[in-house]
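Data block below; observations after.
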Amino acid sequence: MTLPSVFAAAGGEIQPLDDVGPYNYVPTEWICVLFLVLYSISTVLHLGQALKFRLWWMLPTATFAGLLEILGWSARFWSSQNSRLLTPYEMQLVGTIIAPTPLVAANFIILGKIINQVGPQYSRLTPKYYTIIFCCFDVICLIVQAFGGASAARAVSQGTDATMGANIMLGGIAAQLFAIVVYVTLAAEFFLRLKRNAPFRHVEQPRVLEKGQHAVSNNLRILLCAMAFCTLCIFIRSIYRTVELAGGWFGPVITTERYFDWLDGAMVTLAIYTLNFFHPGIWLNKNDPNAYVPQRVADEETTT
């Protein structure tokens with residue numbers, strides 16, 4: 001079955017066959033308000049932190065992710081007032097599907113900057129290529145998911161088959177899962193090489209540790225743990241959305257509200273707040289005496 005089968009055409013109009021509408025449940029009002037408030041606070045914090053620390057790349061990543069979540073949960077709150085309306089359902093479908101994608105891009109960029117500080121000779125990819133390759137792939141996933149969500153929403157509004165849109169969204173999320181797995185694998189290889197002092201490439205200014213100096217400072221250790229937790233939350237959410245869409249519009253996963261609240265709403269909330277509390281502007285500090293920044297790269301960053 002597909003989502004439009006919930007509706008029956010009568011006199012050229014689409015009429016709902018039941019009282020709960022396309023969700024197959026009525027979104028709980030207080031839960032929608034809770035997540036709406038949480039995402040609004042986090043988004044305002046990310047905006048302020050990006051401006052304070054002049055990390056402009058946090059605007060199209062973490063801040064934009066928060067705005068998309070606000071859009072999605074505002075639509076779900078609208079649906080809690082009238083669950084049979086199609087417009088808010090379409091809005092939340094697109095908003096909540098694509099929102100975590102920019103958040104993933106923030107993690108990609110942060111890892112590249114950590115590698116640049118700790119020692120790029122241990123990484124299979126240069127910090128620059130981490131940003132270029134993974135962020136470009138992330139943008140592609142974002143476009144695919146947005147296109148799939150829009151296609152499914154359009155099919156719903158027209159009373160036609162929404163399966164193709166769902167499959168496109170599923171492909172975008174699966175591709176994002178693949179990117180996260182590759183990202184984690186490369187990060188693990190980097191830290192393994194660092195621990196074993198096995199450089200992957202030659203660099204012009206290799207890092208030389210002084211006696212008693214750790215390769216990774218305490219600040220970076222904390223930031224790495226935070227990034228690992230953030231990535232885990234997004235990974236759990238992506239697995240949930242993959243299972244949800246694979247099960248169809250009438251599957252037991254997509255029609256159960258608590259799964260969505262815990263495995264999507266709560267997971268993304270934990271991920272986005274992790275970057276608030278462990279913001280790279282604070283923990284990724286070039287003034288850290290244990291940090292390593294090649295002079296050429298530092299000069300380039302200063303001029304930009």
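- At least one donor-acceptor pair closer than 3.5 Å links the side chain of Thr231 to the backbone N or O of Met227.
- Between Tyr183 and Val104 there is no side-chain heavy-atom pair separated by less than 4.5 Å.
- Formation of a donor-acceptor pair under 3.5 Å by the Glu257 side chain with backbone atoms of Thr28 is found in this model.
- Criterion: ILVMFWY side-chain heavy atoms under 4.5 Å apart, direct or through other members. Under it, Val44 and Leu47 are not part of a common hydrophobic cluster.
- Two different hydrophobic clusters hold Leu71 and Val94 under the rule that ILVMFWY side chains link at heavy-atom gaps under 4.5 Å.
- Closest non-hydrogen pair, Ala166 versus Leu245, comes out as O-CD1, 4.3 Å.
- Between the side chains of Thr269 and Tyr39, a donor-acceptor pair is found at a separation under 3.5 Å.
- At least one donor-acceptor pair closer than 3.5 Å links the side chain of Ser80 to the backbone N or O of Phe77.
- If you check the side chains of Thr101 and Gln176, you find a donor sitting under 3.5 Å from an acceptor.
- Between the side chains of Tyr259 and Asp264, no donor-acceptor pair is found at a separation under 3.5 Å.
- Ring-plane geometry between Phe260 and Trp73 is classed as tilted, the angle between the planes lying from 30 to 60 degrees on a 0 to 90 degree scale.
- Cys230 contributes atom SG, which lies 7.5 Å from atom CD1 of Ile110 (distance to the nearest 0.5 angstrom).
- Here the side chains of Met164 and Ser151 are in contact, with some heavy-atom distance below 4.5 Å.
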Query raised in the report: For Phe35 and Glu69, what are the C-alpha separation, side-chain angles and deciding distance, and is it a side-chain contact (heavy atoms from CB on, under 4.5 Å)?
Result: CA-CA 9 Å; Phe35 280 116; Glu69 288 290 356; over 6 Å; no
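- Scored by the side-chain hydrogen bond (donor to acceptor under 3.5 Å, both in side chains) test, Ser42 finds Asn276 as partners (sequence neighbours excluded).
- Put simply, Phe200 and Leu111 are part of two different groups of oily side chains (I, L, V, M, F, W, Y) that touch within less than 4.5 Å, one to the next.
- Nearest heavy-atom pair, Gly149 versus Met169, reported as atom, atom and distance to 0.1 Å: N-CG, 3.3 Å.
- Once rounded to the nearest 0.5 Å, the distance linking CD1 of Ile239 with CD1 of Ile234 reads 12.5 Å.
- Partner of Glu189 under the salt bridge (charged side-chain N to carboxylate O under 4.0 Å, His left out) criterion, out of Arg196, Arg124, Lys195: Arg124 alone.
- Side-chain atoms of His46 do not come within 3.5 Å of backbone N or O of Thr61 as any donor-acceptor pair.
- Between Pro127 and Ile115, some side-chain heavy-atom pair lies under the 4.5 Å cut-off.
- Phe64 and Phe147 fall into different hydrophobic clusters, where Ile, Leu, Val, Met, Phe, Trp and Tyr are joined by side-chain heavy atoms under 4.5 Å apart, directly or via other members.
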Query raised in the report: What's the verdict on side-chain contact (heavy atoms from CB on, under 4.5 Å) for Thr163 and Asp161, showing C-alpha distance, side-chain angles and the deciding distance?
Result: CA-CA 6 Å; Thr163 302; Asp161 193 350; 2.6 Å; yes
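- Annotation: the span from Ile168 atom CD1 to Ile173 atom CD1 amounts to 12.5 Å, rounded to 0.5 Å.
- Looking at Arg193, its side chain does come within 3.5 Å of a backbone N or O of Ala198 through a donor-acceptor pair.
- Among all heavy-atom pairs drawn from Ala162 and Ala155, the shortest one is CA-CB, 3.7 Å.
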**Report entry** Stepwise side-chain contact (heavy atoms from CB on, under 4.5 Å) test for Leu270 and Phe229
**Finding:** CA-CA 9 Å; Leu270 290 173; Phe229 179 72; 4.1 Å; yes
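- For the side-chain contact (heavy atoms from CB on, under 4.5 Å) with Ser123, the qualifying choice from Phe191, Phe190, Tyr129 is Phe190, the only one to do so.
- When atom types are taken as modelled, the side chain of Tyr240 and the backbone of Phe235 share no donor-acceptor pair closer than 3.5 angstrom.
- Side-chain atoms of Asn219 and Ser217 include no donor-acceptor pair closer than 3.5 Å.
- Contact detail for Val268 and Pro100: the closest heavy-atom pair is CG2-CG, 3.8 Å.
- The distance from the CH2 atom of Trp78 to the OG atom of Ser83 is 13.0 Å, given to the nearest 0.5 Å.
- Atoms CG and OG1, on Asn24 and Thr256 in that order, are 9.5 Å from each other to the nearest 0.5 Å.
- Taken to the nearest 0.5 Å, the CD1 atom of Ile272 stands 14.0 Å off from the CE atom of Met267.
- Relative orientation of the Phe108 and Phe134 rings is tilted, given thresholds of 30° and 60° on the angle between their planes.
- With a 4.5 Å cut-off on side-chain heavy atoms, Thr274 and Cys233 do not count as touching.
- For Tyr23 and Tyr89, the ring centers are positioned less than 6.0 Å apart.
- Judged as a salt bridge (charged side-chain N to carboxylate O under 4.0 Å, His left out), and not counting sequence neighbours, the contacts of Glu244 are Arg241.
- Ile98 approaches Ala146 most closely through the heavy-atom pair CG2-N, 3.5 Å.
- Follow the hydrophobic side-chain contacts under 4.5 Å out from Ile140 and you never reach Ile180; the two are in separate clusters.
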Query raised in the report: Do Ile109 and Cys135 pass the side-chain contact (heavy atoms from CB on, under 4.5 Å) test, and can you show the C-alpha distance, the side-chain angles, and the key distance before you say yes or no?
Result: CA-CA 8 Å; Ile109 296 173; Cys135 286; 3.7 Å; yes
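- Considering all non-hydrogen atoms of both residues, Thr63 and Thr43 come closest at O-CG2, 3.7 Å.
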